[in-house]
Amino acid sequence: MLFNRILPIKEYPVNVPPIRTRVGIVGAGPAGLMLAHLLHLQGIESVVLEARSRQEVEGTIRAGILEQNTVDLLVEAGVGDRLLAEGHRHTGTQIRFAGQGRRIDFEALTGRAVTVYPQHEVLIDLIARRLADGGDIRFGAGDVEVHEHTGSRPFITFVDGDGQRQRLECELVAGCDGSRTATRNLIPEPAVRTDYFRQYPFVWFGILAEAPRTSDELIYAHSPSGFALCSTRTETVQRHYLQVSVDDTVEDWSDARIWDELHRRVDGPGAEVREGAIFAKSVLPFRSFVCEPMQSGRLFLAGDAAHTVPPTGAKGMNLAMADVWVLADAMTGFLVSGDRRGLDGYTAAVLPRVWRAQHFSWWMSTMLHTAPDASPFDIRRQEAELDTVTSSDAGRTLIAENYTGLPLRERVYARV
Ligand code: PHB
């Protein structure tokens with residue numbers, strides 16, 4: 001009894017020997033898998049715990065735009081072969097409003113570009129590489145709980161795919177468990193953690209269709225009836241999005257209604273949406289969120305566990321990659337030479353990029369969407385804003401620099 005009270009069985013399973021590793025990583029999304037890979041390149045072993053099955057992780061549809069930084073990072077880390085072979089480099093994009101299209105030439109304005117390569121393909125590549133390198137990823141891990149992250153010997157308990165309770169002992173913990181994170185809640189709010197949150201009065205409705213490309217480049221379209229985005233996956237599979245009401249469900253949108261609305265919002269001189277068979281529909285959440293700090297003791301949050309952006313700027317996975325690029329270096333400094341400075345400075349090092357991406361995503365969202373209560377004045381003002389920004393090199397460069405991503409190397413974290 002006494003034993004039970006001091007060491008509750010649930011938290012301290014002893015029926016199997018503990019697993020030992022240097023970094024326990026919660027979540028096998030872009031942040032968790034890339035962190036594991038970057039640590040491996042530095043000779044540091046980790047274990048990744050993921051609640052979903054490998055199939056689910058590899059099959060979940062997410063956004064598909066990689067900043068130049070993300071491409072460079074994946075290629076430099078040796079996991080970019082398929083991305084280079086199969087991804088589509090986009091050197092510009094089109095912004096449409098008031099019945100006209102304006103091109104933003106990323107390459108001419110910044111010397112940089114983006115690559116269309118869906119997130120789940122990045123995950124497929126990272127998982128394959130991790131497993132080929134002998135990496136340890138535990139799919140189907142339930143009841144994951146991090147313990148004693150404020151002490152010097154944190155550990156994680158979980159139920160493995162066979163229903164066996166396990167205990168993972170590690171030196172550092174990375175919370176990479178996405179926007180529905182449990183690890184974030186270990187940093188008490190409001191005592192230690194502040195959450196910054198913004199809800200929008202609309203959401204996105206996304207489709208995948210067997211159809212030819214509407215255009216060689218993505219089209220971001222503002223219209224009085226709402227925003228639309230024509231994106232792409234392959235020559236024959238297209239990804240399109242519509243701004244819809246927060247109350248809308250998949251059932252509200254028949255195929256005919258979707259195509260009608262895409263035509264209404266996008267078509268005009270130089271653009272006509274090309275139809276095909278729709279084979280996937282979903283409603284996407286639309287919000288902005290940041291928590292500060294992104295760390296506590298030996299726990300470090302990365303990616304959506306710490307911040308979420310609305311999808312308009314296509315920044316989600318790119319921010320996750322930028323976080324772990326800093327975090328892997330900081331963890332290596334600590335684990336190899338006991339230098340805590342990188343870890344202590346982690347939040348301060350990554351937050352400026354996080355907030356700039358927040359601003360860009362918010363700005364693109366509010367500039368391009370039509371608020372449900374928008375007055376005729378608001379619509380005219382928005383058209384004028386789009387005109388201002390897309391008709392000068394200064395405005396176009398601002399979009400191009402942020403869309404293709406602030407260079408990682410220029411933001412070396414403070415080794416104070
Ligand atoms: C996508 O292709 O899924 C996509 C592209 C651009 C965005 C958001 C999503 O801004």
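FYI, side chains are in, hydrogens and waters are out, and symmetry mates aren't considered; it's all heavy atoms of this structure. Atoms within a ligand are numbered from 1 in the order they appear, just like the ligands themselves.
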Residues that Arg381 engages under side-chain hydrogen bond (donor to acceptor under 3.5 Å, both in side chains), provided they are two or more places apart: Glu385

Distance-only polar pair, side chains of Thr308 and Asp304, donor-acceptor under 3.5 Å: no

Counterpart residues, ring pair (Phe, Tyr, Trp, His ring centres under 6.0 Å), relative to Phe158 (two or more places apart): none

Arg112 charged N/C atom sitting above Phe106 aromatic ring, 6.0 Å / 45°: no

Aromatic centroids of Tyr403 and His90 separated by under 6.0 Å: no

Qualifying ring pair (Phe, Tyr, Trp, His ring centres under 6.0 Å) pairs, either residue in residues 237-263, two or more places apart: Trp204-Tyr241, Phe205-Trp253

Pocket residues of ligand 1, ordered first by chain and then by residue number (heavy-atom cut-off under 4.0 Å): Ala63, Gly64, Ile65, Trp204, Leu218, Tyr220, Leu229, Ser231, Arg233, Arg239, Tyr241, Pro311, Thr312, Ala314

